[in-house]
Amino acid sequence: MGYFSRIVSLTLLALAGVTTAIAASAPLSDPTIVAHFDIGTLQQPENITLEPDGSAVVTFNKARQVARVSTKGVVTILATLPAPASGTALATGIVRAKDGTLYVNYNAGVLSSTWRIPPNGGLPSQFAALPDVAALNGLAIDESGSALYVTDSTNGAVWKISLRPGTAGAVTLWAQGAQLQRTGSTAFGANGIKVHHGAVWVSNTAQGTLMSIPINEDGTAGTITTKATDLTAIDDFAFTMSGDVVAAQNFVSEASIVHQDGTHVTVLTSSDGLSNPTSIAIRGSTVYVASGAYFTRVDPNLMVAHLGYEREDPN
């Protein structure tokens with residue numbers, strides 16, 4: 001466990017008033033709720049990104065807010081996306097660029113778009129319009145910082161937004177196919193999304209799958225390959241340093257480790273404090289899990305846990 005992760009974990013565990021459960025399964029341990037959110041003011045976290053000091057930045061879905069949660073559990077509202085003139089809007093996926101700029105998805109029908117928020121918060125501004133996206137959801141940034149990737153959970157597609165000077169904000173339909181579609185009565189197909197080692201990875205909530213889509217040399221999408229199945233209610237996910245995945249499983253209130261061979265094991269449940277987990281972030285050996293409580297309506301929260309088999313974090 002690296003110095004940063006060790007300090008964050010020890011600090012969090014020492015806090016007064018946090019909730020610690022003991023039911024987590026190896027290799028996760030010490031699940032600790034850092035912050036309990038106020039469901040009465042629509043503080044239900046949908047997605048999460050991390051800052052260098054270990055603070056988490058989350059989207060509060062129905063409140064259209066972006067908030068920082070410090071390692072001490074202090075919640076600070078950084079920005080509020082505008083209310084539409086009619087209908088509803090949601091704040092969904094969020095990522096942090098290397099310069100600290102936050103990009104956040106604004107899911108609002110024909111007004112759907114990706115917005116930009118200055119480092120440390122401030123007035124949000126529209127970055128890219130996405131009027132053809134039916135259900136704007138997950139958001140990822142590639143390793144070079146040259147593009148964003150967005151999931152459309154209704155139409156089963158992945159869109160690409162350029163971050164390159166000269167073409168910044170340009171939107172293209174990047175990938176679609178049966179593996180990204182929703183099935184049955186589940187409303188969400190393609191959902192969580194990450195870029196990892198030259199490929200875009202996408203979860204499909206309806207199909208319970210995790211997929212990889214290679215990024216070709218010309219930037220186009222390669223062949224979609226299913227990497228894991230039977231992941232009930234999979235939502236967002238994140239990669240560990242060793243290449244495994246920690247996946248949030250929303251309406252069953254679980255989280256699983258997904259190994260590189262596609263096998264998976266449940267490591268957190270509602271007994272640990274999960275309440276419809278929506279998103280995962282990982283820094284070194286510290287796993288962050290945000291619970292939105294969309295179905296339970298009880299205790300939306302932010303949890304951290306220790307990932308026991310990771311190698312030392314060089315940072």
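Worth knowing before you read on, the calculation uses all heavy atoms, side chains too, and leaves out hydrogens, waters and symmetry mates. Note that the structure is a prediction, hence the values are computed from the model and not measured.
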Residue pairs, two or more places apart or on separate chains, that pass salt bridge (Lys or Arg N to Asp or Glu O under 4.0 Å) and touch residues 91-119:
none
Going by the angle between their ring planes, with limits at 30° and 60°, are His196 and Trp201 parallel, tilted or perpendicular?
perpendicular
Please answer whether the main-chain N or O of Gln181 pairs with a side-chain N or O of Gln207 as donor and acceptor at a distance below 3.5 Å.
yes
Verdict with reasoning, Arg297 to Ile39, per side chain to side chain contact (heavy atoms under 4.5 Å, CB included)
CA-CA 8 Å; Arg297 305 293 300 169; Ile39 197 169; 3.8 Å; yes
I would like to know whether Glu254 and Leu268 meet side chain to side chain contact (heavy atoms under 4.5 Å, CB included); could you show each step before the answer?
CA-CA 5 Å; Glu254 294 178 355; Leu268 292 170; over 6 Å; no
With a 4.5 Å cut-off on side-chain heavy atoms, are Val95 and Leu148 touching?
yes
Do you know which two heavy atoms are closest between Ala134 and Asn155, and how far apart they sit?
CB-ND2, 3.5 Å
Within the 3.5 Å criterion, strictly below it, is a donor on Gln65 or Thr59 matched to an acceptor on the partner's side chain?
no
Without hydrogens or angle criteria, can the side chains of Thr167 and Ser162 be said to hold a donor-acceptor pair below 3.5 Å?
yes
Nearest atoms (heavy-atom pairs only) where Gly192 meets Ser203
N-OG, 2.9 Å
Find out whether Ile94 and Ile48 are in side-chain contact, i.e. whether some heavy atom of one side chain is under 4.5 Å from a heavy atom of the other.
no
Are the side chain of Arg283 and the backbone of Glu51 linked by a donor-acceptor contact shorter than 3.5 Å?
yes
Under 3.5 Å, is there a donor-acceptor pair between the side chain of Thr278 and the main chain of Asn47?
no
Examine Val74 and Val57 and state if one hydrophobic cluster contains both, with Ile, Leu, Val, Met, Phe, Trp and Tyr joined whenever side-chain heavy atoms are less than 4.5 Å apart.
no
Close side-chain approach of Thr71 and Asp53, heavy atoms under 4.5 Å
no
Looking only at atom types and distance, does a side-chain atom of Ser275 sit under 3.5 Å from a main-chain N or O of Val298, one as donor and one as acceptor?
yes
Between the main-chain N or O of Ala248 and the side-chain N or O of Asp235, is there a donor-acceptor pair closer than 3.5 Å?
no
Taking His264 for its side chain and Val245 for its backbone only, find out whether a donor-acceptor pair lies under 3.5 Å.
no
Between Asn204 and Arg182, is any side-chain donor less than 3.5 angstrom from a side-chain acceptor?
no
As a test of understanding, state which of Asp272, Val304, Asn301, Ile280 forms a side-chain contact (heavy atoms from CB on, under 4.5 Å) with Val289.
Ile280
Short question: side chain of Tyr288, backbone of Gly54 - any donor-acceptor pair under 3.5 Å?
yes
Residue pair Asp152 / Ala135: nearest heavy atoms and the distance that separates them
OD1-N, 3.1 Å
Test log, rule side chain to side chain contact (heavy atoms under 4.5 Å, CB included), inputs Gln260 and Asp244:
CA-CA 6 Å; Gln260 295 174 61; Asp244 290 341; 3.5 Å; yes
Got a second to check how far Leu163's CG is from Ile141's CD1, nearest 0.5 Å?
5.5 Å
Residue pair Pro300 / Pro45, side-chain heavy-atom distance below 4.5 Å:
yes
Side-chain heavy atoms nearer than 4.5 Å, only ILVMFWY residues, links allowed to pass through others: does that put Leu28 and Leu274 together?
yes
His197 atom NE2: more than 12 heavy-atom contacts under 6.0 Å
no
Examine Phe60 together with Phe37 and report whether their ring centres are nearer than 6.0 Å.
yes
Taking all non-hydrogen atoms of both residues into account, name the closest pair between Ile213 and Ala221 and its distance.
CG2-CB, 3.8 Å
Report yes or no: is the cationic atom of Lys194 (NZ for Lys, CZ for Arg) closer than 6.0 Å to the six-membered ring centre of Phe237, at no more than 45° off its axis?
yes
Single-linkage hydrophobic cluster Leu42~Phe295, side-chain heavy atoms < 4.5 angstrom:
no
With a 4.5 Å heavy-atom cut-off, do Ile215 and Trp174 have their side chains touching?
yes
Closest non-hydrogen atom pair between Thr92 and Glu46, with its separation:
CA-CG, 3.7 Å
Are side-chain heavy atoms of Met211 and Thr225 found at a separation under 4.5 Å?
no
Any idea which heavy atoms bring Ser70 and Val34 closest together, and the distance?
O-CG1, 3.9 Å
For Ser146 and Ser144, does a side-chain donor sit closer than 3.5 Å to a side-chain acceptor?
yes
Any chance the side chains of Asn216 and Thr220 put a donor and an acceptor closer than 3.5 Å?
yes
Step by step, would you call Leu307 with Thr286 a side chain to side chain contact (heavy atoms under 4.5 Å, CB included)?
CA-CA 6 Å; Leu307 186 60; Thr286 303; over 6 Å; no
Could you check whether His306 and Asp30, counting side-chain N and O atoms only, form a donor-acceptor pair closer than 3.5 Å?
no
Let me check something: any side-chain donor-acceptor pairs from residues 104-112 under 3.5 Å, sequence neighbours excluded? List them with distances.
residue	atom	partner	partner atom	Å
Asn105	OD1	Thr114	OG1	2.9
Asn105	ND2	Asn137	O	2.9
Asn105	ND2	Gly138	O	3.3
Tyr106	OH	Pro82	O	2.7
Asn107	OD1	Leu136	N	3.2
Ser112	OG	Ala108	N	2.9
Ser112	OG	Gly109	N	3.3
Ser112	OG	Gly109	O	2.8

Contacts table for residues 122-133: side-chain donor-acceptor under 3.5 angstrom, sequence neighbours left out:
none

With hydrophobic residues grouped by side-chain heavy-atom distances under 4.5 Å, do Trp115 and Val150 end up in a single group?
no
Following the transitive rule for hydrophobic clusters with a side-chain heavy-atom cut-off under 4.5 Å over Ile, Leu, Val, Met, Phe, Trp and Tyr, establish whether Ile282 and Ile33 coincide in one cluster.
yes
May I ask you to check whether Tyr149 and Trp159 place their ring centres under 6.0 Å from each other?
no
Taking it one step at a time, do Thr229 and Thr209 satisfy side-chain hydrogen bond (donor to acceptor under 3.5 Å, both in side chains)?
CA-CA 4 Å; Thr229 60; Thr209 54; over 6 Å; no
Report, as yes or no, whether the 6.0 Å neighbourhood of atom CD on Glu143 holds more than 12 heavy atoms from other residues, nucleotides or ligands.
yes
Quick one: do the Thr205 and Thr186 side chains pair a donor with an acceptor below 3.5 Å?
no
